[in-house]
Amino acid sequence: MQLEQLLQTHFGYPSFRPGQKEVIGQLLDGRDTVALLPTGMGKSLCYQLPGYIFNKPVLIISPLLSLMQDQVDQMKQFGEKRAVAINSFLNRNEKKLVLDTLHRYRFIFISPEMLVQPQIIQRLNRLDLALIVVDEAHCISQWGFDFRPDYLKIGEVLKEDRPPILALSATATEKVLEDIRRFLKMRDPFEYIHSVDRPNIRFGKKVFQTREEKMEWLLDHVTQTEGPGIIYTRSRKRTDEIAAQLLQLGISVSSYHGGKEAEDRQFIQQQFIEGALDWIVATNAFGMGVHKENVRQIIHDTMPSNVADYMQEVGRAGRDGKDAIAILLYSEGDEEVARFIAGEDLPSETQMELYEEYRNRKVDPKEMIQDGFISETTFRVLHYWMGLYPLEEVKSIFRKMMNEKYRSVDEMLRIVKSDRCIREQLVEYFGQTLKDKPEHCCEHCGIDYQQFLLPRQDTKAATAPSTWQMRLRQILLGTD
DNA sequence: CGGCGTGACACTAGTGTCACGCCGGTGCTCTAGT
């Protein structure tokens with residue numbers, strides 16, 4: 001049967017979107033595949049259809065619990081009951097039940113941390129899988145080295161005789177692609193690479209002398225233009241401060257960061273998606289797995305620490321294909337904080353030496369955590385590398401990592417400070433060349449801001465606060 | 001590295017100055033003890 005017919009049978013769509021057919025075709029031939037497709041281009045279909053065609057389970061490795069949960073719920077909603085997520089939400093009994101009946105599921109979602117556990121991977125390797133999928137595969141490169149080292153172990157725990165791997169992401173540089181191929185142990189993968197350019201997003205930029213001027217501009221801008229929008233900033237504290245100021249000006253807004261309760265985070269995200277909230281002020285915790293089509297503005301109060309993060313964050317605008325704008329704000333010295341944050345979490349040489357010392361004294365290095373010498377996260381990262389290489393080499397690896405991070409900040413800064421076309425520079429960063437420029441391209445090519453920014457409609461403030469607004473106030477102000 | 005809050009102190013009754021210390025992002029899982 002033709003692929004189109006199968007698509008019609010299983011999903012009721014008459015034709016594929018760009019890239020889907022090529023990717024699925026390669027997977028059906030048993031070839032490892034990397035697919036870089038912009039968000040909203042139907043990435044999940046690339047593994048769902050082969051799952052049905054092979055009539056075997058598909059394993060999907062996913063970075064976030066909330067993302068897995070959403071995907072399972074969504075599948076169930078569309079009538080696919082054989083979807084499950086293996087993660088810490090399951091209690092011991094539930095986990096055992098799922099593991100004992102794995103073959104009955106069609107789509108199995110799992111985190112890298114869970115995947116690499118010996119008792120889990122044994123079970124999974126015994127299963128006759130159609131496909132192994134790594135969703136948001138850039139996480140291997142973005143998080144694997146210094147944050148979630150289990151991302152680097154995926155390739156090595158999979159058995160030799162495995163089904164094809166599909167790595168999915170929206171953006172990746174050649175370096176990230178290399179990491180994906182290497183750490184997933186892919187074999188001569190087919191690569192489908194869509195242009196990273198998003199023609200409907202305009203790239204604005206505003207440079208200020210002082211912090212105060214920047215803040216003033218931000219408040220003015222948000223009160224005068226229509227959302228929905230996301231404001232990205234550096235620290236948790238600052239998200240709360242900006243949100244509080246905007247709230248006072250009558251904006252429907254909430255802050256969002258990793259320090260909030262999971263329940264509150266989910267609630268805030270849901271309100272934003274449903275349109276009950278116009279603006280979110282967030283750290284880089286916000287965004288992955290947020291499926292909202294009509295985000296019109298992305299504003300960076302502080303620059304991210306690398307171009308790849310910037311592209312990911314900006315890419316959350318205008319998924320509906322309509323006009324959207326990204327505005328990057330900069331005031332002198334912003335890069336210093338980016339630099340500090342980028343390097344801060346890496347283990348210090350003293351910690352590395354201490355690890356070695358514990359090991360030589362036959363003390364479990366893990367006790368460094370209880371002894372207050374290292375955070376749990378940093379320990380996990382250090383433990384991974386010390387398990388692979390001798391001390392001196394580990395030192396040099398982290399020195400390289402640190403330099404790499406500083407260089408990434410500089411690359412971002414170069415774009416901020418340059419007068420060249422922003423779109424061109426972003427696309428070049430990903431090793432691609434820009435073919436066409438849209439009419440309204442970027443700050444340097446010229447943007448008519450008025451044309452894209454609708455004046456704010458002041459209707460919502462007039463209505464009495466509803467339940468969700470009360471709930472948000474509780475979350476934001478901590479009052480009942 | 002730099003911003004910001006705090007507290008001590010000075011010079012004169014409330015405000016100004018300055019030194020000092022603190023803080024700064026991203027997520028998973030498991031377990032002991034409440």
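Naming: A, B, ... by sequence-line order, numbering from 1 per chain.
Atom name C1', nucleotides B/dG16 and B/dT12: the rounded distance is 12 Å, in whole Å. The same atom, P, is picked in B/dG5 and in B/dG25; the two are 16 Å apart, to the nearest Å. Here, B/dA13 and B/dT17 have their P atoms 16 Å apart, quoted to the whole Å. For the P atoms, the distance linking B/dC30 with B/dT26 amounts to 23 Å, nearest Å.
Going from atom CG of A/N91 over to atom P of B/dC30 covers 12 Å, rounded to whole Å. If you measure from atom CD1 of A/I369 to atom P of B/dC30, you get 16 Å, rounded to the nearest angstrom. The separation between A/F147 atom CZ and B/dT29 atom P is 13 Å, rounded to whole Å. Atom pair A/D334:CG and B/dG3:P shows a separation of 9 Å (rounding to whole Å applied). As a whole-Å value, the separation of A/L65 CG from B/dC30 P is 11 Å. As rounded to whole Å, 16 Å separates atom C1' of B/dC28 from atom CG of A/D135. One interatomic measurement links the two molecules: CD1 of A/I341 to C1' of B/dG2, which rounds to 12 Å at whole-angstrom precision. Straight-line distance from the NZ atom of A/K237 to the P atom of B/dG2: 18 Å, rounded to whole Å.
Nearest to the side chain of A/M114, among B/dG25, B/dT26, B/dT29, sits B/dT29. In this structure, the nucleotide among B/dG24, B/dG25, B/dT29 sitting nearest to the side chain of A/V337 is B/dG24. The side chain of A/A285 lies closest to B/dT26, out of B/dT26, B/dC28, B/dC30. Minimum atom distance to the side chain of A/S88 is reached by B/dT29, of the listed B/dT26, B/dT29, B/dG24.
A/R238 comes within 4.0 angstrom of nothing in the nucleic acid, heavy atoms only. Contact annotation for A/P112: no contact, since no heavy-atom pair falls under 4.0 Å across all strands. Residue-level contact check: A/Q142 touches neither bases nor backbone, having no heavy atom under 4.0 Å from any strand. Among the protein residues, A/R236 comes within range of the sugar-phosphate backbone only, with heavy atoms under 4.0 Å from sugar or phosphate atoms but none that close to a base. In this structure, A/G258 reaches the sugar-phosphate backbone alone: every heavy-atom distance under 4.0 Å involves primed, P, OP1 or OP2 atoms, never a base. Among the protein residues, A/N87 comes within range of the sugar-phosphate backbone only, with heavy atoms under 4.0 Å from sugar or phosphate atoms but none that close to a base.
In summary, the side chains of A/Y355 and A/H383 do present a donor paired with an acceptor at a separation below 3.5 Å, with no hydrogens or angles considered. Under the 3.5 Å distance criterion, with hydrogens and angles disregarded, no donor-acceptor pair is assigned to the side chains of A/Q142 and A/Y151. Of the N and O atoms on the side chains of A/S418 and A/Q425, at least one donor lies less than 3.5 Å from an acceptor on the other residue. Judged purely by distance below 3.5 Å, without hydrogens or angles, the side chains of A/S408 and A/N306 never pair a donor atom with an acceptor atom.
Pairing for B/dC23 goes to B/dG2, judged as Watson-Crick or G-U wobble with the two contacts each under 3.5 Å. Here B/dG33 sits opposite no nucleotide as a Watson-Crick or G-U wobble pair (both hydrogen-bonding atom distances under 3.5 Å). Across all strands shown, B/dG16 is found opposite B/dC9 as a Watson-Crick or G-U wobble partner, with both distances under 3.5 Å.
With hydrogens and angles disregarded, no donor-acceptor distance shorter than 3.5 Å links the side chain of A/R198 to the backbone of A/P38.
Between A/F286 and A/Y256, the ring-plane angle classifies as perpendicular under the 30° and 60° cut-offs.
If A/S235 and A/M68 are placed on DNA chain B by their nearest nucleotide, the residue sitting closer to the 5' end is A/S235. Residue-to-nucleotide proximity on DNA chain B shows that, of A/T283 and A/E241, the 5′-proximal contact is made by A/E241.
Under the stacking criterion of a centre-to-centre distance below 5.5 angstrom and an interplanar angle below 30°, A/F340 is not stacked against the six-membered ring of B/dG2. Here A/W143 does not lie in a stacked arrangement on the base of B/dT26, lacking the combination of planes under 30° and ring centres under 5.5 Å apart.
Side-chain nitrogen and oxygen atoms of A/Q117 include at least one within less than 4.0 Å of the OP1 or OP2 phosphate oxygen of B/dC30. Considering only side-chain N and O atoms, A/K366 lies nowhere under 4.0 angstrom from the phosphate OP1 or OP2 of B/dT31. At least one side-chain nitrogen or oxygen of A/R265 sits closer than 4.0 Å to the OP1 or OP2 atom of B/dG27.
Heavy-atom minimum distance, A/M68 versus A/N87: SD-ND2, 3.7 Å.
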